[in-house]
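Here, residue 1 is the first one in the sequence, and each next residue gets the next number. The basis for the numbers below is simple: all heavy atoms, side chains too, and nothing from hydrogens, waters or symmetry mates.
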Amino acid sequence: MQRLQDRVAVVTGGASGIGLATARRFAEEGAKVVVADLDEATGKGVAGEVGGLFVKADVTSEEDVRAMYAFAKEAYGSVDIAFNNAGISPPDDASILETGLDAWRRVQEVNLTSVYLCCKHAIPYMREQRKGSIINTASFVAVLGSATSQISYTASKGGVLALSRELGVQFAREGIRVNALCPGPVNTPLLTELFAADPERAARRLVHVPIGRFAEPSEIAAAVAFLASDDASFITASTFLVDGGISGAYVTPL
């Protein structure tokens with residue numbers, strides 16, 4: 001399929017996990033991909049693999065974000081797709097009773113403020129061309145509560161969900177679609193690291209997934225590619241859940 005032929009896609013957090021899988025999928029579908037990440041060595045390798053370009057960017061820096069989209073525009077002539085995917089889930093973000101203010105702020109900056117900055121600086125390019133698709137990575141935790149809390153992560157993803165809905169409404173008649181992607185637990189380095197020291201915590205989460213396993217990054221990338229394409233032309237301001245049924249479950253199969 002070549003649904004994204006010659007469209008320019010900027011992927012933040014593109015060096016690993018969902019971002020890496022999506023960069024690959026975008027390229028397979030014909031897009032020109034700009035991989036943005038702090039990991040220069042790995043990011044350049046990914047860009048080379050997908051026949052795209054790499055830009056080193058700290059997504060919490062407005063200047064870096066502004067330069068990232070300017071780079072894409074100058075190199076390829078447009079900004080058609082923005083997959084705002086960079087995020088963190090550090091171990092010091094846990095229960096509200098344990099999470100310090102510094103940890104809270106750091107997660108909010110990387111997970112929520114970065115999405116605000118990326119949308120702010122991608123939208124003007126899309127307004128010029130009267131067309132564009134923005135996909136912001138939220139999470140299933142934006143619509144569910146958990147007793148194994150990561151309080152700042154959860155709050156940040158709820159913010160991404162609300163921000164995406166608002167922008168999706170605001171810019172709909174200018175041809176710009178904005179959707180919040182809400183993955184369930186995904187088999188990525190981030191999740192592996194989070195659960196490595198606490199298998200019981202992982203097991204407690206897995207039992208709630210009706211499909212009975214965590215998602216693979218390629219499965220999430222397929223959803224991103226759909227939202228980026230004209231196949232999703234009537235979808236905006238949506239909470240796009242790709243969660244193995246977890247948000248719809250009351251009792252799961254044995």
Side-chain angles (χ1 to χ4, degrees), residues 1 3 11-29 46 83-96 98-99 107 111 135-161 164-165 179-229 231-232 235 238-254:
M1 297 176 68
R3 295 179 297 182
V11 180
T12 67
S16 65
I18 294 170
L20 167 59
T22 301
R24 288 170 171 163
R25 181 60 183 258
F26 280 172
E28 288 170 6
E29 298 234 16
V46 173
F83 181 36
N84 302 323
N85 169 71
I88 59 171
S89 181
D92 55 354
D93 177 21
S95 165
I96 196 169
E98 302 160 2
T99 302
V107 172
N111 291 5
I135 304 101
N136 297 323
T137 301
S139 171
F140 75 104
V141 303
V143 300
L144 289 174
S146 173
T148 54
S149 183
Q150 302 157 264
I151 190 61
S152 189
Y153 182 89
T154 298
S156 71
K157 295 303 185 178
V160 170
L161 188 62
S164 302
R165 183 168 52 237
N179 291 291
L181 178 77
C182 295
V186 184
N187 185 20
T188 64
L190 187 66
L191 189 81
T192 302
E193 181 181 346
L194 183 65
F195 292 147
D198 195 347
E200 182 183 353
R201 193 178 192 191
R204 285 185 68 188
R205 294 186 181 226
L206 185 58
V207 74
H208 295 291
V209 184
I211 286 182
R213 61 176 176 82
F214 294 153
E216 292 302 319
S218 60
E219 293 175 300
I220 307 303
V224 181
F226 166 70
L227 289 173
S229 77
D231 284 347
I235 299 175
S238 77
T239 303
F240 202 85
L241 285 152
V242 189
D243 65 354
I246 190 170
S247 61
Y250 172 47
V251 177
T252 59
L254 295 173

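For T12, there are no side-chain hydrogen bond (donor to acceptor under 3.5 Å, both in side chains) partners two or more places apart in sequence or in a different chain. Take S139 and apply the side-chain contact (heavy atoms from CB on, under 4.5 Å) test, not counting sequence neighbours, and it matches V141, Y153, K157. Residues that satisfy the ring-ring contact (aromatic ring centres under 6.0 Å, His included) test with F140, not counting sequence neighbours, are absent from this structure. For S149, the side-chain hydrogen bond (donor to acceptor under 3.5 Å, both in side chains) criterion is met by no residue, not counting sequence neighbours. Among residues two or more places apart in sequence or in another chain, the salt bridge (charged side-chain N to carboxylate O under 4.0 Å, His left out) test is passed with D231 by R3. Residues satisfying the side-chain hydrogen bond (donor to acceptor under 3.5 Å, both in side chains) criterion with N136, sequence neighbours excluded, are N84, S164. By the side-chain contact (heavy atoms from CB on, under 4.5 Å) test, E98 is found to be paired with A94, S95, residues two or more places apart in sequence or in another chain being considered. In this structure, the salt bridge (charged side-chain N to carboxylate O under 4.0 Å, His left out) partners of R24, at least two apart in sequence or on a different chain, are E49.
For the pair V160/N111, no side-chain contact is recorded, criterion being any heavy-atom separation below 4.5 Å from C-beta on. Taking the side chain as every heavy atom from C-beta outward, L227 and F83 never approach each other to under 4.5 Å.
For T239 against R165, the heavy-atom pair with the smallest separation is OG1-NH1, 4.4 Å. In terms of heavy-atom proximity, F240 sits nearest to A223 at CE2-CB, 4.0 Å. Heavy atoms only, all atoms of each residue included: V209 and G244 are closest at CG1-O, 3.9 Å. Across all non-hydrogen atoms, the minimal contact from P183 to I18 is CG-CD1, 4.3 Å. What you find for C182 and L161 is that their closest heavy atoms are SG-CD1, 4.0 Å.
Around the CD1 atom of I235, the shell of radius 6.0 Å holds more than 12 heavy atoms that belong to other residues, nucleotides or ligands.
A donor-acceptor pair under 3.5 Å links the side-chain atoms of N179 to the main chain of S238, judged by distance alone. Between the side chain of D93 and the backbone N or O of V107 there is no donor-acceptor pair closer than 3.5 Å.
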Donor-acceptor list for residues 246-254 side chains, cut-off 3.5 Å, not counting sequence neighbours:
from : atom 1 : to   : atom 2 : distance (Å)
S247 : OG     : D243 : OD2    : 2.6
T252 : OG1    : V207 : O      : 2.9

Between side-chain atoms of residues 214-222 and protein atoms elsewhere (two or more places apart, or another chain), which donor-acceptor pairs fall under 3.5 Å?
from : atom 1 : to   : atom 2 : distance (Å)
E216 : OE2    : N187 : ND2    : 3.4
E219 : OE1    : R213 : NH1    : 3.0
E219 : OE1    : E216 : N      : 2.8
E219 : OE2    : R213 : NH2    : 2.8

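Judged by distance alone, the side chains of S89 and Q150 do bring a donor and an acceptor atom under 3.5 Å apart.
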